[in-house]
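Below: the structure, in structure tokens.
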Amino acid sequence: MARTLWDSSVGKKTVMAVSGMIMLLYLVAHVIGNLKIFFGAGEFNHYAHWLRTVGEPFMHYEWTLWLVRIVLVVAVVAHATSAYQLSRRDIRARPSKYVHKKPRASYATRTMRWGGIILGLFIVWHILDLTTGTVHSGGFQEGHPYQNVVDTFSTWYGNVIYIVAMLALGLHIRHGFWSAAQTLGVGSRTRDRALKTVADILALLLTAGFVAVPVGVMTGVVS
Amino acid sequence: MKLTLRVWRQKNAGAEGAMSTYEVDDISPDMSFLEMLDVLNEQLILSGEEPVAFDHDCREGICGACSLVINGDAHGPERTTTCQLHMRSFRDGDTIDIEPWRASAFPVIKDLVVDRSAFDRIIQAGGYITAPTGAAPEAHATPVPKADADFAFEHAECIGCGACVAACPNGAAMLFTSAKVNHLNVLPQGAPERETRVLDMVTQMDAEGFGGCTLTGECATACPKGIPLVSITSMNKEWLRATRKAGKR
Ligand code: HEM
Ligand code: FES
């Protein structure tokens, strides 16, 4: 069954949809966590510490966190690999363009590939910036995420990178959420409006929620 | 009407093609698009040039033979087949671009004619039912719920012209394949092959080199028969169901 899934264009698209939904679920949790930054360093840092102790005493320190990280890495790799392979197939299937060109499809639909690449690069940058601190601008301090976040958004490029990526994310989710419903066969004529509305709301809330943090630092609300 | 036509000319499958420009005059707005091309071809023959090759058969919008991408739209600006498109949809003095269907699974044979036998092979893979042939069976012998009959009929309208593939930026045949799968899979007559049909037809579709669906909706917009985009959703559902069942066996 695994082979059938991976060998078929419809199956590979299913892998994209499922891995996309896993990442989407994670992002909803992530944005809720991020917004705690508006309630001060104490609450934010405490939340970050709690992430490492979730599931204790059943789980050891950081086990749950690592479990989530592993699931996410698998999802990102599966998503990016199937996106690459499906895109290659699509481009091969339509080698010659029409002489008479027409603007096609919505902006969110046309930017899935470029938007996806921006998101992929962003994920790498984001981890090197705020998880490992490798490319961090200030003196990165493990266990002090509040200060690290403030440092990142005190640089112009930090703000630009995050805000551009979050706009790309909004567009990606706008087309992606609705698409995943079609791929998984749960879309229908009667549900179409509702699915599109949920996609728009999710895209808007996630983008606004994530962008609020750099804007908060820039305006001095968070410092 | 006086028109300038820019037409894709290509000697054969192996030759390089290019757009050629022609002028036609005295076109009646009541002519169909194909009749307008007939006028062009008579003109070309009289001047000793090779006429433009294009596909057509019934000229009543039911056979699916006609094609043509007209000003970037499969079957032109109206939601109908090229044979049912009339010149009143254009204005006197217009320049019209006429190109063949573009997809690697539909190679150009000559001028505007492409090889659509990939569709035949998708049908051969499962677009049929196993039934004894002969006289038409008694209509009430196998009851079909009204909703299912309507669903089947909506999909049975597909004439296999390939406009969906031509319009899709990925050259995908998902709308065609889903129309055929849904048409038969919902009916009791199609039930024995319900799982193998969708699996085999999708496999054949991939093997022919069609692209995948990115849900741009271009196919459904171009379809002269109004096969809806959710058709693809229904096929995905059938495919996932069949894959799960095959996994259990
Ligand atoms: C590694 C970075 C990423 C890349 C390269 C990428 C690429 C793509 C591409 C090219 C598509 C369209 C594929 C198609 O229409 O055939 C797509 C769809 C999708 N993406 Fe992403 N993406 C990335 C990150 C994300 C993230 C972070 C999310 C989380 C919300 C996400 C959620 C989705 C969803 C739900 C779909 C729809 C799947 C479907 O059409 O069934 N993607 N992605
Ligand atoms: S010629 Fe038969 S559908 Fe157009």
Side-chain angles (χ1 to χ4, degrees), chain A residues 1-14 16-18 82-83 85-113 116 175-192 195-196 199, chain B residues 6 8 17-19 69-74 96-100 102-106 108 165-174 177 198-199 202-203 205-206 208-218 221 228-230 232-244 246-248:
Chain A
M1 187 164 137
R3 271 250 70 87
T4 337
L5 269 181
W6 195 247
D7 287 343
S8 160
S9 64
V10 175
K12 219 166 267 183
K13 186 91 177 163
T14 309
M16 289 213 68
V18 171
S82 36
Q85 294 187 359
L86 284 172
S87 298
R88 286 265 325 242
R89 157 178 276 280
D90 295 347
I91 293 164
R92 258 203 314 267
R94 183 64 177 283
S96 32
K97 304 267 168 288
Y98 290 110
V99 173
H100 192 108
K101 295 205 168 46
K102 289 217 127 186
R104 292 287 176 206
S106 78
Y107 193 71
T109 311
R110 280 184 283 129
T111 50
M112 285 310 269
R113 284 182 199 145
H175 183 69
F177 179 79
W178 175 83
S179 292
Q182 312 311 315
T183 303
L184 299 175
V186 295
S188 76
R189 233 179 287 242
T190 43
R191 254 181 246 149
D192 205 54
L195 282 170
K196 283 192 168 136
Chain B
R6 301 204 304 152
W8 183 262
M19 298 296 271
V69 169
I70 302 163
N71 285 340
D73 288 321
I96 307 175
D97 289 337
I98 310 170
E99 300 174 70
R102 291 285 186 204
S104 48
F106 283 170
V108 173
V165 176
C168 177
N170 311 322
M174 289 285 281
T177 310
V198 61
L199 294 177
V202 168
T203 302
M205 180 187 87
D206 283 347
E208 296 292 345
F210 290 105
C213 180
T214 50
L215 292 148
T216 65
E218 294 293 339
T221 307
L229 187 59
V230 282
I232 293 177
T233 311
S234 307
M235 179 174 76
N236 288 337
K237 193 172 171 180
E238 284 294 306
W239 190 90
L240 288 170
R241 178 183 169 278
T243 305
R244 273 196 309 272
K248 275 192 210 124

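Just so you know, these numbers come straight off a predicted model, no measurement behind them. Order of the sequence lines fixes the chain letters, A, B, ..., with proteins taken first and strands second; residue numbering starts at 1 for each chain.
- Residue contact with chain A, scored on non-hydrogen atoms closer than 4.5 Å, involves the backbone of B:P100 exclusively.
- In this structure, the side chains of B:T216 and A:R110 stay at 4.5 Å or more apart for every pair of heavy atoms.
- With hydrogens and angles disregarded, no donor-acceptor distance shorter than 3.5 Å links the side chain of A:Y98 to the backbone of B:N71.
- Using a 4.5 Å cut-off between heavy atoms, A:S188 touches chain B through its backbone atoms (N, CA, C, O) alone.
- Annotation: side chain of B:N170 is not in contact with side chain of A:R94 (no heavy-atom distance under 4.5 Å).
- Evaluation of the salt bridge (charged side-chain N to carboxylate O under 4.0 Å, His left out) test over residues 175-191 of chain A, restricted to residues two or more places apart or in two chains, returns A:R189-B:E154.
- Atom NZ of A:K97 sits about 12.0 Å away from atom CD of B:E99, to the nearest 0.5 Å.
- At least one side-chain heavy atom of A:R113 sits under 4.5 Å from a side-chain heavy atom of B:T214.
- Ranked by heavy-atom pairs under 4.5 Å with chain A, the list B:G171, B:A167, B:G212 is led by B:G212.
- Looking at A:S8 and B:W239, their side chains come closer than 4.5 Å, going by heavy atoms from C-beta outward.
- Side-chain contact between A:K102 and B:D73 is present, with heavy atoms from C-beta onward closer than 4.5 Å.
- No part of A:D192 comes within reach of chain B, as not one of its non-hydrogen atoms sits under 4.5 angstrom from that chain.
- Under the 4.5 Å side-chain criterion, counting only non-hydrogen atoms from C-beta, A:H100 is not in contact with B:I70.
- With sequence neighbours left out, the salt bridge (Lys or Arg N to Asp or Glu O under 4.0 Å) criterion links A:R89 to B:D206.
- Neither the backbone nor the side chain of A:K101 comes within contact range of chain B; no heavy atoms are under 4.5 Å apart.
- With rounding to the nearest 0.5 Å, the separation of CG in A:D90 from SG in B:C213 is 9.0 Å.
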